[in-house]
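Below: one structure, written as structure tokens.
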Amino acid sequence: MEKYVWIDMFEKLDASLLDELHIEKDLKRHKNRIQTLFAKGHVKTASVVAAISLVVTGALIVFLQVRKKFCCRRPA
Amino acid sequence: MLRDKKIVKLIVKKEEEGLKALTEKYEKLLTYIATGILGNNREDVEECVNDTYLKAWNHMQEFDFEKASLKTYMSVIVRNTAINRLRKISRTEGTAQKDELCDLAEDYADQRQDVEATMERKESMRALNEIIANMKKRDRELVLRRYYYLQSSKEIAFHMKMSVNAVDSKLSRLRKQMKQEYNVMTGEER
């Protein structure tokens, strides 16, 4: 619980100190960042890469299953 | 969107329109602050934000525009509600860790255990407020983001356009500086 002692110290902080922080601007920055990622095509690229990876992984799994079933049977 | 004064008036009169307006205006900010403290557990964050509205609904008559803006008032409530919830979660899940505890906090802990030291505690609060108020604006932002809103170094680095390492080392220096100033102000020789 000692971790919270440090946090507790700030509990009664003067509100005027918090007033000037404008933490609400963080939301705008996050929004801008997301918009930039979309605008620069990073999201599109990431989606394409993820889709290709998914297809390749699926194909690999199917290939390994088929190989296991038909090619690598041990004699009884 | 309704103005803050109108929202406060409506809530004091216990009219639901006020609560609706408050939700529309501050939901995103409150969720953001609660998420920073509680992490991405949606259920905890939602409950925390709802508790914040309930507290605001019940205590809005105590709110004073001269002391702070409604945004700050709501931020303070959600911050404290989230930290109480975090404590509860840590207690039940046993995840409390002894990290980030500095000497300054140890002083505070000693005083806290002593009931007769309430006055001294008030004095230390005054000292802390003064130390933070006298900091450079950017240093103050760093300290408040980390220790008031419990933002991660990564999050702070993004918003303040710094590297994560720079944030950590700056915070470490600031803690030492605060400790020194605190000792001078409270007249303790350690």
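Within every chain, numbering begins at 1; the chains are lettered A, B, ... in the order of the sequence lines, protein sequences first and strands thereafter. Everything quoted here is computed from the prediction, not taken from an experiment.
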Between [Y] and [X], is there a side-chain heavy-atom distance shorter than 4.5 Å?
{"X": "A:I23", "Y": "B:Q151", "result": "yes"}
{"X": "A:D26", "Y": "B:R145", "result": "yes"}
{"X": "A:E20", "Y": "B:K137", "result": "yes"}

Please check if the number of heavy atoms outside [X] that lie under 6.0 Å from its [atom1] is greater than 12.
{"X": "A:Q35", "atom1": "CD", "result": "yes"}
{"X": "B:E62", "atom1": "CD", "result": "yes"}
{"X": "B:R42", "atom1": "CZ", "result": "no"}
{"X": "B:K176", "atom1": "NZ", "result": "no"}

With chain A, which of B:S69, B:A133, B:S75 has the greatest number of heavy-atom pairs at distances under 4.5 Å?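 Of the options given, most contacts go to B:S69.
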Single hit among A:L21, A:L17, A:L18 for side chain to side chain contact (heavy atoms under 4.5 Å, CB included) with B:Y148: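 In the set A:L21, A:L17, A:L18, the residue that makes a side chain to side chain contact (heavy atoms under 4.5 Å, CB included) with B:Y148 is A:L18.
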The interface call for B:Y26 against chain A, heavy-atom contacts under 4.5 Å, is neither
Checking heavy atoms, do the side chain of B:K28, its backbone, both or neither come under 4.5 Å from chain A? both
Is [Y] reachable from [X] through a run of I, L, V, M, F, W or Y residues, each pair having side-chain heavy atoms under 4.5 Å apart?
{"X": "B:M162", "Y": "B:F158", "answer": "no"}
{"X": "B:L19", "Y": "B:V12", "answer": "yes"}
{"X": "B:L22", "Y": "A:L27", "answer": "yes"}
{"X": "B:F65", "Y": "B:W57", "answer": "yes"}
{"X": "B:V164", "Y": "B:L171", "answer": "no"}

Working to the nearest 0.5 angstrom, can you tell me the gap between [X] [atom1] and [Y] [atom2]?
{"X": "A:K25", "Y": "B:L29", "atom1": "NZ", "atom2": "CG", "answer": "13.0 Å"}
{"X": "A:E24", "Y": "B:M74", "atom1": "CD", "atom2": "CE", "answer": "14.0 Å"}
{"X": "B:E155", "Y": "A:H30", "atom1": "CD", "atom2": "NE2", "answer": "4.0 Å"}

Chain B heavy atoms under 4.5 Å from A:L13: which part of the residue, side chain, backbone, both or neither?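 Contact with chain B: backbone and side chain both.
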Atom of B:N129, atom of A:D14 and distance for their closest heavy-atom approach: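 Looking at all heavy atoms of both residues, the closest pair is OD1-N, 2.9 Å.
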Side chains of B:E141 and A:H22 only: does a donor on one sit below 3.5 Å from an acceptor on the other?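 Result is no, nothing qualifies.
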